[in-house]
Structures are given as C-alpha cells and as structure tokens.
Amino acid sequence: QHVYFDQPHCIGFTRLGDGENPGCAVIMGNGDQASKRMEMGTAYADQHFRDLLGHHPGQVLIGQDGWADFHCPARSVSVWVPA
C-alpha cells in the first residue's frame with residue numbers, strides 16, 4: 001500500500017493487490033476537483049483503470065513506470081479499479 005498525504009485538501013492511497021484480489025487507487029478531496037499522481041506498480045503498466053463509483057467518465061492509463069494521474073470530483077471520492 002502507498003499513502004499520499006502530500007496536499008491539505010486531497011489525499012489518496014493505492015492498494016497493489018495480490019494474486020486473488022486486484023489493486024485499486026482511492027482519491028478523495030474536500031475542496032475543488034482534484035488529481036494526484038500515484039503509483040500502482042509496474043505489474044499494472046499499460047492497463048486502464050476506471051472509476052468504480054462512476055464519478056469520472058474516462059479511464060486512466062497506467063504508465064510503463066507504474067504511475068498514473070488519478071482524479072476525483074469536488075468534495076468527493078473516486079475508487080479506481082482495473083477496467
């Protein structure tokens with residue numbers, strides 16, 4: 001698990017998963033729309049993630065380095081899972 005408490009109004013964490021459970025990325029904010037660059041790991045390179053809660057219509061592509069920019073709407077939370 002990686003935890004990101006680097007902004008006062010937006011926090012996030014990633015769970016990398018295991019052989020039975022996929023990983024996820026969670027981002028939440030109590031201010032304006034937010035985004036946060038977080039690591040999912042190279043095991044997820046080139047995979048698309050979607051917002052399980054449906055707050056964000058698009059998908060996020062995990063980069064070759066295992067990192068991606070995840071988003072959430074204002075005063076809300078988004079849970080990103082493999083698409």
Side-chain angles (χ1 to χ4, degrees):
Q1 176 171 307
H2 300 285
V3 181
Y4 300 88
F5 292 119
D6 54 341
Q7 298 171 328
H9 298 286
C10 176
I11 64 171
F13 63 89
T14 58
R15 303 285 312 256
L16 304 185
D18 57 27
E20 297 179 20
N21 303 292
C24 68
V26 177
I27 179 172
M28 60 191 87
N30 64 0
D32 294 334
Q33 177 178 326
S35 68
K36 186 173 287 296
R37 187 157 181 79
M38 299 189 290
E39 182 180 11
M40 283 304 305
T42 55
Y44 292 98
D46 296 324
Q47 290 189 36
H48 287 90
F49 274 50
R50 66 181 180 86
D51 182 356
L52 182 66
L53 301 178
H55 294 146
H56 193 278
Q59 293 189 348
V60 168
L61 177 64
I62 307 299
Q64 286 289 317
D65 60 357
W67 289 76
D69 294 318
F70 295 94
H71 315 280
C72 76
R75 296 174 301 285
S76 190
V77 61
S78 287
V79 179
W80 294 86
V81 297

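Side-chain atoms are counted along with the backbone in the values below, which use heavy atoms only and exclude waters and symmetry mates.
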Do T14 side-chain atoms and E39 backbone N/O form a donor-acceptor pair below 3.5 Å? yes

How long is the gap from OG on S76 to CG on N30, to the nearest 0.5 Å? 11.5 Å

Would you find a donor on one side and an acceptor on the other, under 3.5 Å apart, between the side chain of H2 and the backbone of R15? no

K36 side chain reached by D6 side chain, heavy atoms, under 4.5 Å: yes

Does a side-chain heavy-atom distance below 4.5 Å link M38 with I27? yes

Here the salt bridge (charged side-chain N to carboxylate O under 4.0 Å, His left out) pairs for residues 48-58, sequence neighbours left out, are none

Listed by chain and number, what are the side chain to side chain contact (heavy atoms under 4.5 Å, CB included) partners of Q33, not counting sequence neighbours? none

Quick one: does V77's side chain get under 4.5 Å of L53's, heavy atoms only? yes

What residue pairs, at least two apart or across chains, pass ring-ring contact (aromatic ring centres under 6.0 Å, His included) with a residue in residues 11-44? Y44-F49

Non-neighbouring partners of N21 that pass side chain to side chain contact (heavy atoms under 4.5 Å, CB included), sequence neighbours left out: D18

Is it the case that over 12 heavy atoms from other parts of the model lie below 6.0 angstrom from the CG atom of D46? yes

For M40 versus F70, what's the shortest heavy-atom pair and its separation? CG-CZ, 3.9 Å

Contacts of R75 that satisfy side chain to side chain contact (heavy atoms under 4.5 Å, CB included) - sequence neighbours left out: none

Output all residues satisfying ring pair (Phe, Tyr, Trp, His ring centres under 6.0 Å) with H56, sequence neighbours left out; order by chain, then residue number. H71, W80

Which atoms form the tightest heavy-atom contact between G23 and P82, and what is the distance? O-CD, 3.4 Å

Please tell me whether I11 and V60 are part of a single hydrophobic cluster in this structure, the criterion being side-chain heavy atoms less than 4.5 Å apart. no

